There are 2 protein chains.
Amino acid sequence: MNGDVTSDTPAPRPVLTRARIVQAAVGLIEREGADALSMRRVAAELGVAVMSLYNHVPNKGALLEGVAEHVIAGLELEDDPSEPWQTRARALVRAFRKVAHDYPRCMTIVLTHKIDTQLGLRPAERALALADAAGFDGPTSVRIMRALMAYALGAQLRETGVVKTLDNLVETQAESWAKLDAAEFPHVVALSEELASHDPETDFEFGLDLLITALDALPRGRSQSR
Amino acid sequence: MNGDVTSDTPAPRPVLTRARIVQAAVGLIEREGADALSMRRVAAELGVAVMSLYNHVPNKGALLEGVAEHVIAGLELEDDPSEPWQTRARALVRAFRKVAHDYPRCMTIVLTHKIDTQLGLRPAERALALADAAGFDGPTSVRIMRALMAYALGAQLRETGVVKTLDNLVETQAESWAKLDAAEFPHVVALSEELASHDPETDFEFGLDLLITALDALPRGRSQSR
DNA sequence: ACCTGAACACCGTTCAAGT
DNA sequence: ACCTGAACACCGTTCAAGT
């Protein structure tokens with residue numbers, strides 16, 4: 001009858017649990033990078049023997065999937081169906097940007113591991129719902145969802161620097177302009193200043209606007225009511 | 001005077017070189033997956049001691065960057081500036097899709113490693129060039145490039161299944177429909193058939209069309225003449 | 001300049017033993 | 001049911017030695 005606190009021994013180490021293991025992993029990754037993640041490090045962090053982890057997680061791969069899942073669970077997907085579908089679509093895509101900002105160093109794991117919880121279906125459901133509300137037919141709605149997802153993921157990949165690939169090095173290597181022959185890369189050289197200046201928010205919204213605008217202009221298969 | 005074949009000893013093992021090492025790595029990855037890649041495996045593949053690799057590559061990270069570079073080098077970027085810019089833009093984005101198909105299992109490495117060769121600048125230069133030809137001003141051209149890149153990368157991420165995340169599991173888990181409560185995911189359930197049917201080419205072109213169409217409708221800062 | 005084997009510190013995971 | 005230490009096979013990389 002004394003409630004659920006049945007003992008007052010000083011700070012009894014909390015029980016080991018999959019959730020706690022995943023959280024420790026996420027913390028470690030954000031602090032030291034994905035390469036620093038190892039079963040042994042996680043165990044140490046939790047003050048526990050390595051093999052104890054295997055009581056809650058079958059292997060390292062499963063732990064990584066747990067990390068991906070945890071990040072995706074952080075998507076803030078509140079929605080107001082009474083809003084115009086364009087607004088709802090923007091909110092959805094922006095949610096990805098937000099979460100990528102919250103867990104920058106986990107992104108490479110999120111992008112390379114599947115999520116087999118229903119959690120992973122929430123964004124899909126949301127996108128399909130608003131395409132439906134916009135009056136698109138089924139097959140078109142599916143394609144719209146995929147286009148939005150592609151942009152959401154790709155924009156993050158670019159911005160978070162997960163992909164340091166391609167144009168990003170233009171920014172980070174601004175000092176080595178001299179070595180770029182203007183003959184081979186005339187436009188890159190000419191626009192070096194714009195390329196180096198950073199306004200990721202505007203860049204992101206620009207691309208998002210393009211997509212929404214194009215969707216807006218698309219012929220609808222059905223009436224647009226609801 | 002006997003040309004460049006100076007000896008006829010039976011197949012003298014070819015010299016070890018960075019290029020050969022990278023190629024072996026790419027082959028190994030495509031055959032057995034990125035997880036199977038190790039310095040030791042690569043060395044074995046080349047019939048060489050592990051430490052020999054370190055004469056041509058400073059460490060594993062550098063080898064992975066070499067792999068990314070090799071894949072990006074495979075982008076087929078032939079271009080005809082006399083074509084309308086829309087056509088050129090489509091060709092550019094499609095080149096990414098092509099290369100992702102050629103090296104599916106290397107993609108996760110390409111997406112997570114920087115490329116500091118000028119090779120990585122070719123797509124950027126191309127995108128900026130065609131935006132210029134379309135009559136857009138500098139800052140807008142840069143944003144257009146970024147939007148195209150984001151879509152090119154994101155679409156690949158989705159399709160290649162690098163991201164098994166999100167809607168992809170809808171397809172792979174079609175058998176578990178029953179377990180999905182239609183209450184929480186009504187649209188996903190209703191469109192399960194469309195979601196499971198695979199036509200990645202059309203999906204890809206749909207999103208690409210959206211972007212090009214939107215760009216077409218955008219006001220130009222300059223005349224459109226070349 | 002390039003190759004090599006031995007060694008070191010670190011992995012993920014199996015197994016057998018404990019409670 | 002959960003925890004643990006020892007052991008195994010495998011890593012990346014340093015070092016000292018060879019040519």
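So you know, we letter chains A, B, ... as the sequences are listed, proteins then strands, and number each from 1. Quantities reported herein were computed from a predicted structural model and do not represent experimental measurements.
- Taking all atoms of both residues into account, the shortest heavy-atom contact from B/T112 to B/T108 is OG1-O, 2.7 Å.
- Rounded to whole Å, the distance from CG on A/L16 to P on D/dA1 is 17 Å.
- Between A/S52 and D/dT4, a side-chain N or O to OP1/OP2 separation shorter than 4.0 Å is present.
- A/L46 has its CG atom 11 Å from the P atom of D/dC3, to the nearest Å.
- Residue order along DNA chain D, read from the 5' end via each residue's closest nucleotide, puts A/V50 first among A/V50 and B/N59.
- One interatomic measurement links the two molecules: CG of A/N55 to C1' of C/dC15, which rounds to 14 Å at whole-angstrom precision.
- The side chain of A/A49 lies closest to D/dT4 when the candidates are D/dC3, D/dT4, C/dT4.
- Between A/L53 atom CG and C/dC11 atom P the separation is 13 Å, expressed in whole Å.
- Dashed line: the shortest gap from a side-chain N or O of A/H56 to OP1 or OP2 of D/dA1 is not under 4.0 Å.
- Across residues 28-41 of chain A, A/R40 each have a non-hydrogen atom less than 4.0 Å from an atom of DNA chain D (numbered order).
- Atom CG of B/D80 has more than 12 neighbouring heavy atoms from other residues, nucleotides or ligands inside a 6.0 Å radius.
- Here C/dA7 presents its P atom at 15 Å from CE of B/M51, a figure rounded to the nearest Å.
- Remark: A/R94 engages A/E205 in a salt bridge, criterion side-chain N to carboxylate O under 4.0 Å.
- Of all nucleotides present, only D/dT13 satisfies the Watson-Crick or G-U wobble test against C/dA7, with each distance under 3.5 Å.
- Remark: side-chain polar atoms of A/T17 are not paired, donor with acceptor, to backbone N or O of A/R20 under 3.5 angstrom.
- Residue A/K60 contributes atom NZ, which lies 12 Å from atom C1' of C/dC10 at whole-angstrom precision.
- Looking at A/R122 and B/E184, no side-chain N of the basic residue comes within less than 4.0 Å of a carboxylate O on the acidic one, giving no salt bridge.
- With a cut-off of 3.5 Å on both pairing distances, the Watson-Crick or G-U wobble partner of C/dG18 is D/dC2.
- The shortest heavy-atom contact between B/L195 and A/R146 is O-NH2, 3.1 Å.
- The separation between A/I21 atom CD1 and D/dC3 atom P is 8 Å, rounded to whole Å.
- Among the nucleotides D/dA6, D/dC3, D/dT13, the one closest to the side chain of B/Y54 is D/dT13.
- Checked by atom type and distance alone, the side chain of A/E76 never pairs as donor or acceptor with a backbone atom of A/A95 at under 3.5 Å.
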